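Working notes, beginning with the structure itself.
Counting starts at 1 for both ligands and their atoms, following the listed order. For clarity, every value in this text was computed on a predicted model and none was experimentally measured.
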Amino acid sequence: MSTLPRRTLGDTGLQVSQLGLGGFHQVEIGQSLVTQIVDRYLEAGGNYVETARSYGGGVSEIKLGRALQGRRHQVVLASKTGQRDAEGAWREINETLQALGSDHLDLLLYHGINDLETLDRLAGPGGAAESFARAREEGLVRFVGASSHWPLVLIPAMERLELDAVMHWVNYLVTCNYPEIYARVAPAARQRGCGIIGMKPLGDGYLYRSVEPAFTYALAQEVDVLACGFNSLEMLEADIAAVMAWERPSDAALQQILADAPELGDYVCRQCGACHLPEADLPRVFELEGKFDQQMIDGRPTDAPDYALRQRLNNWFDNRQRAIELYKPLCSRVQALLEQNATLPACPYGIDLRYKLRMAHAKLAGSGKFPAGEFHF
Ligand code: SF4
């Protein structure tokens, strides 16, 4: 029987299955189902189990700890703390170990380092880094990593926190919204020998129609393990099947996935660069729109599941204000383009650039003046 293939987590040497079990959504289901999911995951050759102290206030750790009883040695076990000071981090590390029923973690991550101020606190006097180092010295933790929803912060974090692994999004939607992940963050991680843990390969469920292409795309990126939030046996089976069937796609096949993706359609910018103008960097405008709302609000009618997901996810990462700030140097140039009714290039993905530019500008300039009758928050 074939099992989930493994990759090496950077220079840690840990062998991790390409499909990881992410613990966030285990909070939403009962213990019996969590145990069934863990049973099936291990049976399929899965061995990367990751959670966080904050998931359900420890509930995810408790459920996974129970499900792993007697099998702790079969998995690479990871958790995260969002505590920023040494005292809080030390307390949570010990709470995590108790909840998981383990005397050590293979990987402990700083949870959600999203800005430089947080990084300063973590790395400064009395910061959580002191407890991470102590935990390592005392054998409570083998390796250290960090996750982020503003991935560029991971570059200085790798250096200042001596990280062994980083965790950021890996899916084809996020490629359109955070192109810096593969242009800058992943290369920097590899240069340091850091492992790369991809989160949200199915975009928090937004790519639910596209499980196979989503995994085909995600596993072709620079990544060692994809932590996925399956919380039903059906979802787990679909993910296992997609990962087991994976073969490295050609560049053309990857481009085709981006072209065909129903979630991207003729609205989401693929960052091909073809509409860059001397007057204004339009790909950057659309990238910032992606940071604002993942380019999910397109002002068009859609079906109920899609609408519900967009409503839930469009500001999930709370990066709107930053996108607005970054847009300020571009704002007057885009305004002028729109007022002059300038001719815009054709987009190879069929995106109506004038409409999209009006939408992006309205969001990022904060005017609230969206194309008439077409936009609802
Ligand atoms: S031409 Fe289309 S896909 Fe390419 S950067 Fe512009 S909007 Fe994006």
Side-chain angles (χ1 to χ4, degrees), residues 151-152 169-186 203 206-207 209-210 213-214 216-218 220-221 249-300 302 306 310 313-314 317 319-320 322-324 326-365 367 370-371 374-375:
L152 276 179
W169 304 295
V170 179
N171 63 59
Y172 57 67
L173 175 65
V174 96
T175 299
C176 303
N177 299 330
Y178 293 83
E180 66 271 26
I181 290 176
Y182 283 97
R184 298 177 61 187
V185 180
Y206 190 56
L207 312 184
R209 288 162 286 196
S210 312
T216 300
Y217 185 90
Q221 309 307 313
S250 65
D251 288 348
L254 286 175
Q255 289 308 315
Q256 200 59 48
I257 289 172
L258 283 179
D260 294 344
E263 304 84 2
L264 308 182
D266 62 356
Y267 188 80
V268 174
C269 167
R270 274 69 159 188
Q271 290 293 308
C272 79
C275 65
H276 183 91
L277 296 175
E279 303 92 313
D281 183 350
L282 298 193
R284 173 68 170 165
V285 174
F286 303 141
E287 177 202 328
L288 293 176
E289 185 193 5
K291 289 170 168 54
F292 182 89
D293 68 354
Q294 302 202 70
Q295 303 187 68
M296 282 184 183
I297 305 290
D298 61 10
R300 296 164 173 171
T302 186
D306 193 51
R310 289 178 192 222
L313 298 176
N314 78 75
F317 307 122
N319 285 335
R320 277 197 179 165
R322 277 205 252 203
I324 288 170
L326 290 167
Y327 185 64
K328 283 182 177 164
L330 285 159
C331 186
S332 58
R333 290 166 170 237
V334 173
Q335 180 83 36
L337 270 181
L338 289 170
E339 284 171 2
Q340 291 157 9
N341 221 7
T343 305
L344 300 176
C347 169
Y349 296 91
I351 296 169
D352 176 344
L353 285 195
R354 178 160 306 284
Y355 175 76
K356 182 161 178 66
L357 196 57
R358 287 165 66 208
M359 291 291 288
H361 180 67
K363 295 173 190 176
L364 293 162
S367 69
F370 302 103
E374 294 163 326
F375 191 94

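Residue Y349 approaches ligand 1 through these ligand atoms, each under 4.0 Å from one of its heavy atoms: 3 (S). Contact atoms of ligand 1 toward F286: 7 (S) (distance under 4.0 Å to a heavy atom of the residue). Short contacts between ligand 1 and R270, defined as distances under 4.0 Å to a heavy atom of the residue, involve ligand atoms 3 (S), 8 (Fe).
Distance check: E289 CD to M359 CE gives 7.0 Å after rounding to the nearest 0.5 Å. We find the CZ-CG distance between F292 and L326 to be 13.0 Å, quoted to the nearest 0.5 Å.
Contacts between L282 and ligand 1 below 4.0 angstrom, taking non-hydrogen atoms only, are absent altogether.
Side chains of L313 and M296 form a contact here, defined as non-hydrogen atoms less than 4.5 Å apart. Inter-residue side-chain proximity for H276 and D281 is flagged as met; some heavy-atom pair is nearer than 4.5 Å. A heavy-atom distance below 4.5 Å is found between the side chains of H361 and Y327. Side-chain atoms of L258 and Q255, non-hydrogen and from C-beta on, do get closer than 4.5 Å to each other.
The single protein non-hydrogen atom nearest to atom 8 (Fe) of ligand 1 is C269 SG, 2.4 Å, given as residue, atom name and distance. The protein non-hydrogen atom at the shortest distance from atom 6 (Fe) of ligand 1 is C275 SG, 2.3 Å. Nearest to atom 2 (Fe) of ligand 1 among the protein's heavy atoms is C347 SG, 2.4 Å. Taking atom 5 (S) of ligand 1 as the reference point, the nearest protein heavy-atom neighbour is G273 N, 3.3 Å. For atom 7 (S) of ligand 1, the nearest protein heavy atom (residue, atom name, distance) is L353 CD2, 3.5 Å.
In the model, S210 has no side-chain atom that pairs as donor or acceptor with a side-chain atom of Y217 under 3.5 Å. Side-chain contact annotation: Y206 with R310, donor-acceptor N/O pair under 3.5 Å present.
Taking 2.8 Å as the threshold, C272 does not count as a candidate ligand of atom 6 (Fe) of ligand 1, since none of its N, O or S atoms lies below it.
Residue contacts with ligand 1: P348 is included, with a non-hydrogen atom under 4.0 Å away.
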